[in-house]
Amino acid sequence: MVNVLVTGGNGQLANCLDSISNRYKNINLIFKSSSDLDITDYKKIQQYFSENNLDYCVNCAAYTAVDKAESEQEKAFAINEKAVENLANICAKSSVTLIHISTDFVFDGQSSMAYKETDTTYPIGVYGTSKLNGEEAIKSICNQYFIIRTSWLYSEFQTNFMKTMLRLSETRYELSVVEDQIGTPTYATDLAEVIFEIIESKSNRYGTYHFSNEGVASWYDFAFTIFEEEKKKTKVIPIKSKDFPTAAQRPHFSVLDKSKIKEALKIEIPHWKASLKKALINLKNIQKKHNE
Ligand SMILES: NC(=O)c1ccc[n+]([C@@H]2O[C@H](COP(=O)([O-])OP(=O)(O)OC[C@H]3O[C@@H](n4cnc5c(N)ncnc54)[C@H](OP(=O)(O)O)[C@@H]3O)[C@@H](O)[C@H]2O)c1
């Protein structure tokens with residue numbers, strides 16, 4: 001049995017890992033929420049690792065409030081940089097492979113070509129900077145690590161763009177959504193599958209990888225397609241980022257090049273529209289269960 005600690009065990013990605021874990025009988029996931037195991041608590045993490053026989057740690061814990069990070073810098077860096085550095089040190093000492101999730105927000109969005117892992121990083125906000133610093137810490141400390149940068153995560157779990165759009169469509173005739181931020185929506189369950197694939201294949205091709213769904217979209221395209229799929233009457237109005245001011249600046253273009261991960265794991269990645277259909281079905285199944 002392969003023992004895998006999942007930090008941030010109540011978050012969106014952790015829920016997606018849990019939702020498909022029954023397909024992987026040899027992998028034992030141990031979920032720890034922020035209240036069970038705070039990753040900023042060095043001693044507690046160290047004690048947990050010394051008392052448990054772990055093979056992998058999947059770090060799903062993160063400070064993910066992109067706008068709030070601008071005014072809560074200390075907290076963002078404590079969780080996304082310092083705690084990640086500590087986790088990396090503990091993983092390295094215990095020979096535990098660290099699978100860490102990072103973000104397209106490490107790039108400034110000035111490119112018009114899909115970003116490769118080797119492209120220059122230049123975050124334009126606190127969140128992206130704190131995540132990049134976390135990456136750098138892992139690279140300088142660990143040998144056995146996978147950093148997976150992903151983008152625009154959504155799923156049937158927790159709060160995310162897909163669920164927010166569906167909620168707003170219940171009360172709104174019209175919704176304005178930005179059309180000049182281009183990236184790729186990623187179904188978090190597709191990312192969860194990739195994480196399982198890394199563990200199951202016992203891959204030792206450590207390093208940094210990009211993963212999102214295939215295809216390219218704006219947030220406007222994403223919202224439009226959600227409503228189209230669900231036959232919602234709400235009209236989506238395309239607007240410019242400058243007309244929707246937010247505390248944090250976001251990259252205008254953050255499409256990721258996935259060639260490296262496709263080659264390393266020999267996988268095909270679904271198009272975002274195909275994965276959206278799956279997510280919408282899974283959301284309905286969950287809602288049905290809740291109502292039973
Ligand atoms: N969501 C996206 O669009 C997106 C895009 C690109 C990359 N990513 C990255 O993907 C990863 C997973 O994201 P997600 O969407 O699953 O995020 P999420 O739903 O916000 O989950 C993050 C989890 O981390 C937990 N956490 C926060 N501080 C913690 C601490 N000190 N100790 C332990 N746990 C702590 C949170 O718990 P509490 O709620 O109790 O605080 C939450 O359950 C993150 O690394 C994120 O940076 C996300």
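Counting starts at 1 for both ligands and their atoms, following the listed order.
- Not counting sequence neighbours, the partners of Asn160 by the side chain to side chain contact (heavy atoms under 4.5 Å, CB included) test are Gln12, Tyr154, Ser155, Met162, Lys163.
- Taking 4.0 Å as the cut-off between side-chain N and carboxylate O, Arg205 and Glu263 count as a salt-bridged pair.
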Pairs under 3.5 angstrom only: tabulate donor-acceptor contacts from the side chains of residues 220-229 to other protein residues two or more places apart or in another chain.
| unit_1 | atom_1 | unit_2 | atom_2 | d |
| --- | --- | --- | --- | --- |
| Asp221 | OD2 | Ser218 | N | 2.8 |
| Asp221 | OD2 | Ser218 | OG | 3.2 |
| Thr225 | OG1 | Asp221 | O | 2.6 |

(message) Could you go through Tyr63 and Lys75, starting from their C-alpha distance and side-chain angles, then the distance that decides it, and tell me whether this counts as side chain to side chain contact (heavy atoms under 4.5 Å, CB included)?
(response) CA-CA 8 Å; Tyr63 182 100; Lys75 197 171 172 193; 4.0 Å; yes

Do any nitrogen or oxygen atoms of ligand 1 lie under 3.5 Å from a protein nitrogen or oxygen, and which ones?
| unit_1 | atom_1 | unit_2 | atom_2 | d |
| --- | --- | --- | --- | --- |
| ligand 1 | 3 (O) | Leu153 | N | 3.0 |
| ligand 1 | 15 (O) | Gln12 | NE2 | 3.0 |
| ligand 1 | 16 (O) | Gln12 | N | 3.3 |
| ligand 1 | 16 (O) | Leu13 | N | 2.8 |
| ligand 1 | 19 (O) | Gln12 | N | 2.9 |
| ligand 1 | 20 (O) | Thr64 | OG1 | 2.7 |
| ligand 1 | 24 (O) | Ala62 | N | 3.2 |
| ligand 1 | 31 (N) | Asp38 | OD1 | 2.8 |
| ligand 1 | 32 (N) | Ile39 | N | 2.9 |
| ligand 1 | 40 (O) | Ser34 | OG | 2.5 |
| ligand 1 | 43 (O) | Gly11 | N | 3.1 |
| ligand 1 | 45 (O) | Ile101 | O | 3.2 |
| ligand 1 | 45 (O) | Lys131 | NZ | 2.7 |
| ligand 1 | 47 (O) | Tyr127 | OH | 2.7 |
| ligand 1 | 47 (O) | Lys131 | NZ | 3.0 |

Could you give the side-chain donor-acceptor pairs of residues 168-179 under 3.5 Å, partners two or more places apart or in another chain?
| unit_1 | atom_1 | unit_2 | atom_2 | d |
| --- | --- | --- | --- | --- |
| Ser169 | OG | Leu166 | O | 2.6 |
| Glu170 | OE2 | Lys232 | NZ | 3.0 |
| Thr171 | OG1 | Leu168 | O | 3.4 |
| Glu179 | OE2 | Lys240 | NZ | 2.6 |

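- Using a 30° and 60° split on the angle between ring planes, Tyr24 and Phe196 fall in the parallel class, below 30°.
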